[in-house]
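Hydrogens, waters and symmetry mates play no part in the numbers below; they use all other heavy atoms, side chains included. Residue numbers start from 1 in every chain, and the chains themselves are labelled A, B, ... in the order their sequence lines are given, proteins ahead of strands.
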Amino acid sequence: VKYGMVIDLKRCIGCYGCQLSCKAENGTPPGVYYARVVKQEEGQYPMVQQLMLPVLCNHCEDPPCVAACPTGASFKWEEDGIVDIDHDLCVGCRSCMMACPYTNRYFNDQPQHYFPQGMTPYEEARTGGHQQNVVMKCNFCRDRVRAGKPPACVANCPTVARVFGDLDDPLSEVSRLIKERGGFTLHPEMGTRPSVYYLPP
Amino acid sequence: MENPWLDEAARLDPFSYAIAINASEARKRGFVDGQLVSVESETGRKVKGRLKLTEGIHPEGLGFAAMCGHWSSGMPIAKGKGVFYNDLLELDWEHASPTNINLDLCVKVRVMPAESVS
């Protein structure tokens with residue numbers, strides 16, 4: 001099994017639903033986004049198109065972050081290809097953040113609460129479990145995936161722009177979409193071989 | 001946005017807390033992206049904000065995102081972010097419709113660099 005995701009840029013409307021559902025699922029502190037949306041404009045008035053690019057950890061086949069980690073905290077799961085971090089081993093050197101060509105790793109050194117009054121009960125329950133001064137990143141909602149559910153961003157995408165599945169299986173929907181619609185990855189020149197594919201808008 | 005997650009999304013979004021203006025029109029008037037400007041109506045009502053140059057808007061219009069520009073200290077996340085568009089609207093019977101309780105939302109404005117009006 002090699003889990004991967006396909007993001008259909010033709011369907012994405014840039015609503016930030018993935019970013020918000022990810023916040024809710026993972027309880028990430030302020031400034032940490034496992035999933036986010038990048039926006040850009042193309043063309044000139046009145047022929048303009050806004051391009052939405054939802055980005056997340058690409059769970060590369062050859063992850064430069066894992067190669068850069070001096071303690072072995074960043075690793076790739078053998079059984080499902082998910083790139084993950086063992087926070088007990090992370091010393092917060094941030095080498096992986098410099099190595100990642102997609103800048104999808106975040107260092108958790110900001111305040112852990114949003115409101116000036118301190119942590120809300122929700123934040124105590126969800127954000128309080130995160131270790132501080134370690135690097136955080138998307139892990140494809142591994143707990144959900146192991147329980148048979150899709151990642152939160154996939155489950156909550158209102159336009160069904162995201163599809164999650166097994167890239168090793170040639171009959172899975174992700175493999176079919178990549179083949180039929182010409183799926184591409186970001187920064188193929190880096191040789192990282194990402195597991196997150198995009199379909200052209 | 002008082003919801004912190006929405007506030008984060010709005011801060012990552014290039015348009016939410018800015019005043020959208022047609023790019024070529026703005027350059028013609030000597031404005032640059034991210035410039036602090038003051039938008040003043042004919043009757044002297046004015047708001048301040050930062051410009052976002054975009055191709056996706058008519059040259060004779062400005063784009064404000066609603067729900068922004070809160071000033072209450074009871075809304076610590078939303079306070080002081082974005083532009084309070086309603087400040088530009090006239091609030092009298094000349095500009096209100098008693099039938100559907102709506103205000104006239106069309107305002108003729110003038111954009112000026114904020115430094116010159118302090």
Inset, instruction - Begin from the C-alpha positions of B/Asn22 and A/Tyr45 and carry the test side chain to side chain donor-acceptor pair (under 3.5 Å) through to its verdict. - result: CA-CA 8 Å; B/Asn22 183 281; A/Tyr45 179 83; 5.8 Å; no

Inset, instruction - Dump the intermediate steps for side-chain contact (heavy atoms from CB on, under 4.5 Å) on B/Glu8 and A/Tyr114, then the final yes or no. - result: CA-CA 10 Å; B/Glu8 269 190 336; A/Tyr114 280 97; 2.8 Å; yes

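Contacts between B/Thr54 and chain A at a heavy-atom distance below 4.5 Å involve backbone atoms as well as side-chain atoms. Neither the backbone nor the side chain of B/Glu25 comes within contact range of chain A, judged by heavy atoms closer than 4.5 Å. Heavy atoms closer than 4.5 Å to chain B are found in the side chain of A/Tyr16, but not in its backbone. With a 4.5 angstrom heavy-atom cutoff, B/Leu6 touches chain A via backbone and side-chain atoms both. In this structure, no portion of A/Pro46 lies under 4.5 Å from any heavy atom of chain B.
Heavy atoms from other residues, nucleotides or ligands lying under 6.0 Å from CE of B/Met75 number more than 12. Heavy-atom neighbours of B/Leu91 CG from other residues, nucleotides or ligands within 6.0 Å: at or below the threshold of 12. Crowding of A/Glu79 atom CD: a count of heavy atoms from other residues, nucleotides or ligands under 6.0 Å exceeding 12. Counted within 6.0 Å of CD on A/Gln44, heavy atoms from surrounding residues, nucleotides or ligands total 12 or fewer; the atom is thus considered open. Around atom CZ of A/Arg146, no more than 12 heavy atoms belonging to other residues, nucleotides or ligands sit under 6.0 Å away.
In terms of heavy-atom pairs under 4.5 Å with chain A, the best-connected choice from B/Ile57, B/Asp13, B/Ile77 is B/Asp13.
Remark: B/Glu55 CD to A/Gln50 CD distance equals 12.5 Å, nearest 0.5 Å.
The two residues A/Ala24 and B/Trp5 come nearest to each other via the heavy atoms CA-CH2, 3.4 Å. A pairwise comparison of heavy atoms in A/Gln19 and B/Ala9 identifies NE2-CA, 3.7 Å as the closest pair.
Using a 4.5 Å heavy-atom cutoff, the side chains of B/Leu12 and A/Tyr33 are in contact.
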